[in-house]
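Since the structure comes first, as structure tokens, the remarks are kept for the end.
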Amino acid sequence: MRPVPFSGSWGTASSVSFQLANESLQKDPPSVDESLSKKEARARQQELVRERVGAIAEAIADKLRCRPEFDRVEAVNGYINLYFPTQKLANEVVFGAIGQGDDFGRGPKQADRVMIEFSQPNTHKEFHVGHSRNAALGNALANITEFAGFETVRANYIGDIGMHVIRCLWCYDAFHQHEEVPKDKRGRWLGDIYAESVRRLDLQEGVVKLLNELSTQDAQFVSAIDKMMKELFEAGVPGEDIAYLLGQIANQRPVVADQILDGETIPKFWPLIGEQLLFELEYIREHGPQEAPPPTSRTATVKGPLPVVTVENTQERYERWQRLGRNIEWWPHVPQWREEVRETFQKWERKDPEFVKLWDETREWSMQEFHRIYDELGITFDVWFYESEVEEEGREIVKELLERGIAEISEGLPVVKIDEKLGLEKETYRTLPILRSDGTTLYSTKDLELTRRKFQDYEIDRSVWVIDVRQSLYFQQIFKIMELWGFEQAEKCFHLGYEIVTLPEGTMSSRAGNAVFYEDVAAALKQRAREIIDEKSPNTSLTEEQKNTIAHDVGVGSLLYSMINRDNHRVITFSLEEALSFDGHAAPYIQYAHARACRILDRVDKLPEGEVIFEDLQSQEIDLIEQIAAFPTEVEKSAFEHKPLVIATYVFELAQKFNDFYADFEKRPILTAPEPQRSMRIALVAATGRTLANGLGLLGVAAPEVM
RNA sequence: GCGCCCGUAGCUCAGUGGAUAGAGCGCUUGCCUCCGGAGUAAGAGGUCACAGGUUCGAAUCCUGUCGGGCGUACCA
């Protein structure tokens, strides 16, 4: 059964006649020409079904016509359409919505207690728009799950320790500890230091990667290597390094940072690389993309012909050269820095009081920002987990896994060879490291304990992790390891993956330092919303404070909605320009419909009570009632399928239908209509307003009464 | 290599077995002496990536191909 697919009608449709027609043909097959091909036979079958289906539908419709539940029954194209009596059902729906208020759409109490973990920001990094997708999605999912009848525990899991924190604090200690710490936005200040630590510590990696790319994919570069090396030699670079670089690059063999003996070799080489790339760029612009012959050396690692060198890829490499070049003088220091980071990690391991104090203080700077952001987003949590609090117990689990032979030491560190333990031939879950070789904990170490703790300390029946899709394999591994460990609730663990938020120019990450920060986006959205209020709001009596509150609701709501209103499996390419457009399919459209409904009701002395006359309804009125009636089942669907998108789509369609209903003043006046239409339409407006508010509430989007 | 995801209107996306595949943006042409125009009416725009298969019936399920993204042992 499904809704009748005609606008302006309210009912349910059945395609059962098709099945019946088909079955009757199977039981009682007409004489078939054996010579027919399979395809022809099927076409014949289709014809026969078509012939019979009409009569079957008509016969069933006939029997149903006398039933009082339906206003009208018809058989069309083989479908049986059952139309509801609007008077009775419309009153139930509309006054149900008005009477139940905040509870309209709430599902019956469910047995399971569910934990939903979401948001998981890392301290010492800035909260960016990617994080807001997770927060928006998780918050909506938790709201919807709760509303659908499940007791819901909302959990956050703060990444307050791990390699990123250690790197940040190393960088702080080494280069920033005497600087004045800013008064506000200290979380961002830390985030900048973290990004700097990555630039420092990963410099050699980036340089080597670019060099190896050039030697294997840019034949022009390779052919210029003799010339460049000659110049390097003249610049005083030791012969061993010249020989090494020449040998590796000319033969397309990978360069390894440790093999370069003199710390000044690469900084001296760098300007020559840039010159060469610039030369190549000019050459390609003039002569077009360059194809290269395959390498001549027998020891080359590249076998086929080298890829075509284009303006685009050379330009990209040149830009990378520029970025790395800004700090190329760091090159000789990198090994020592990396050693210092390892020592810093050991300070954490032995709980060095001075270090722990610094950690605690800086962590708090980030936490303050997170709390402010959650306040602004209107998101709350019941439970706060911290990575720093599950480390030790996680280590205990690792120890037990090793003792029981589930884990083993491989290549110097504890891992679980999951496929082997499960006896799987095909590579499925692969191998997961569960502790570093130096004894420090990994993300996995902590997640094992977190999973145990969730079930044992919070008495939940089911646990959902809202985390991006790149960690899908990882979570399957964690859950399987828990299963191997004998943790029965492992089968009650679900990873709800969602695709990441990227930028038009590519992936966004705190590591790369190209992230678009939440704070900046939120500020821009609020400002834009405020401008529109000043420009368009007819309500001139609003105070500054009211206007700012509305600007906040609209700006933030708009961001939240855009993050929910897209399937989880789809990548969102974030563009501020698009985010700032409040027209069309966006939160403000829905909020506006709600505000409009509120303003109409403001002009009404007394809401109709009990029952009103729903007769001779226009199609826009019927469509609106039908949409309101669907709310409870949409809530259920959204919760059971873990898809907040269902509600996001629903509220938009409700707003659309309300606008359709409202639009034609000539045909459907509300306040100036004669009775009984006036009461009926007012009740409809009230029910719509209520449903819009409830639906937006589930998404975590505010529903202002004035805009 | 193996695994997961995506491919629907110019663009961004809804639509997981049923009737004529929808919306927003953009484009063209209308609608405020009237309950709020952040709105609304109409028009143009589709081989639902491609090829097979299952089915009375496929954008939807299965298989394969192509194109793109992601993951795949000491990041989280």
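Convention: sequence-line order gives letters A, B, ...; per-chain numbering from 1.
In this structure A:Glu389 satisfies the side chain to side chain contact (heavy atoms under 4.5 Å, CB included) test together with A:Tyr386, A:Arg453, sequence neighbours excluded. A:Phe345 is linked by a ring pair (Phe, Tyr, Trp, His ring centres under 6.0 Å) to nothing, counting only residues two or more places apart in sequence or in another chain. Looking at residues two or more places apart in sequence or on another chain, you find no salt bridge (charged side-chain N to carboxylate O under 4.0 Å, His left out) involving A:Lys657. A:Ala524 is linked by a side chain to side chain contact (heavy atoms under 4.5 Å, CB included) to A:Leu576, A:Leu580, counting only residues two or more places apart in sequence or in another chain. Contacts of A:Glu339 classified as salt bridge (charged side-chain N to carboxylate O under 4.0 Å, His left out), with partners at least two apart in sequence or in another chain: A:Arg342.
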| Watson-Crick and G-U pairing of RNA chain B written in dot-bracket, each distance under 3.5 angstrom, with | for inter-strand partners | ((((((((.[[[[.)..(...]]]].(((((.......))))).....[[[[[..)....]]]]])))))))....
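Listed by first then second residue, pairs satisfying ring-ring contact (aromatic ring centres under 6.0 Å, His included) with a partner in residues 424-451 of chain A read A:Tyr443-A:Tyr474, not counting sequence neighbours. Applying the salt bridge (Lys or Arg N to Asp or Glu O under 4.0 Å) test to residues at least two apart or on different chains, the pairs with a partner in residues 120-129 of chain A are A:Glu126-A:Arg188.
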| task | Could you encode protein contacts along nucleotides 10-17 of chain B as a string, one character per nucleotide from 5' to 3', using B for base contact, S for sugar-phosphate-only contact and - for no contact, with a heavy-atom cut-off of under 4.0 Å? | result | --SSSS--
| query | When you check every protein heavy atom under 4.0 Å of nucleotides 37-47 of chain B, what one-letter string (B, S, -) results, 5' to 3'? | reply | SBSSS------
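A cation-pi arrangement, defined by a distance under 6.0 Å to the six-membered ring centre and an angle within 45 degrees of its axis, is present between A:Arg596 and A:Tyr662.
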Could you pull out the protein-nucleic contacts involving nucleotides 57-65 of chain B (nitrogen or oxygen on both sides, under 3.5 Å)?
none

Detail all sub-3.5 Å separations between protein N/O atoms and N/O atoms belonging to nucleotides 73-76 of chain B.
{"residue": "B:rA73", "atom": "N1", "partner": "A:Ser410", "partner atom": "OG", "Å": "2.9"}
{"residue": "B:rC74", "atom": "O2'", "partner": "A:Arg436", "partner atom": "NE", "Å": "3.2"}
{"residue": "B:rC74", "atom": "O2", "partner": "A:Ser437", "partner atom": "N", "Å": "2.8"}
{"residue": "B:rC74", "atom": "O2", "partner": "A:Ser437", "partner atom": "OG", "Å": "3.2"}
{"residue": "B:rC74", "atom": "N3", "partner": "A:Ser437", "partner atom": "OG", "Å": "3.4"}
{"residue": "B:rC75", "atom": "OP2", "partner": "A:Arg436", "partner atom": "NE", "Å": "2.9"}
{"residue": "B:rC75", "atom": "OP2", "partner": "A:Arg436", "partner atom": "NH2", "Å": "3.3"}
{"residue": "B:rA76", "atom": "OP1", "partner": "A:Met163", "partner atom": "N", "Å": "3.1"}
{"residue": "B:rA76", "atom": "OP1", "partner": "A:Arg436", "partner atom": "NH2", "Å": "3.3"}
{"residue": "B:rA76", "atom": "OP2", "partner": "A:Tyr443", "partner atom": "N", "Å": "3.3"}
{"residue": "B:rA76", "atom": "O3'", "partner": "A:Glu387", "partner atom": "OE2", "Å": "3.1"}
{"residue": "B:rA76", "atom": "N3", "partner": "A:Gln471", "partner atom": "NE2", "Å": "3.3"}

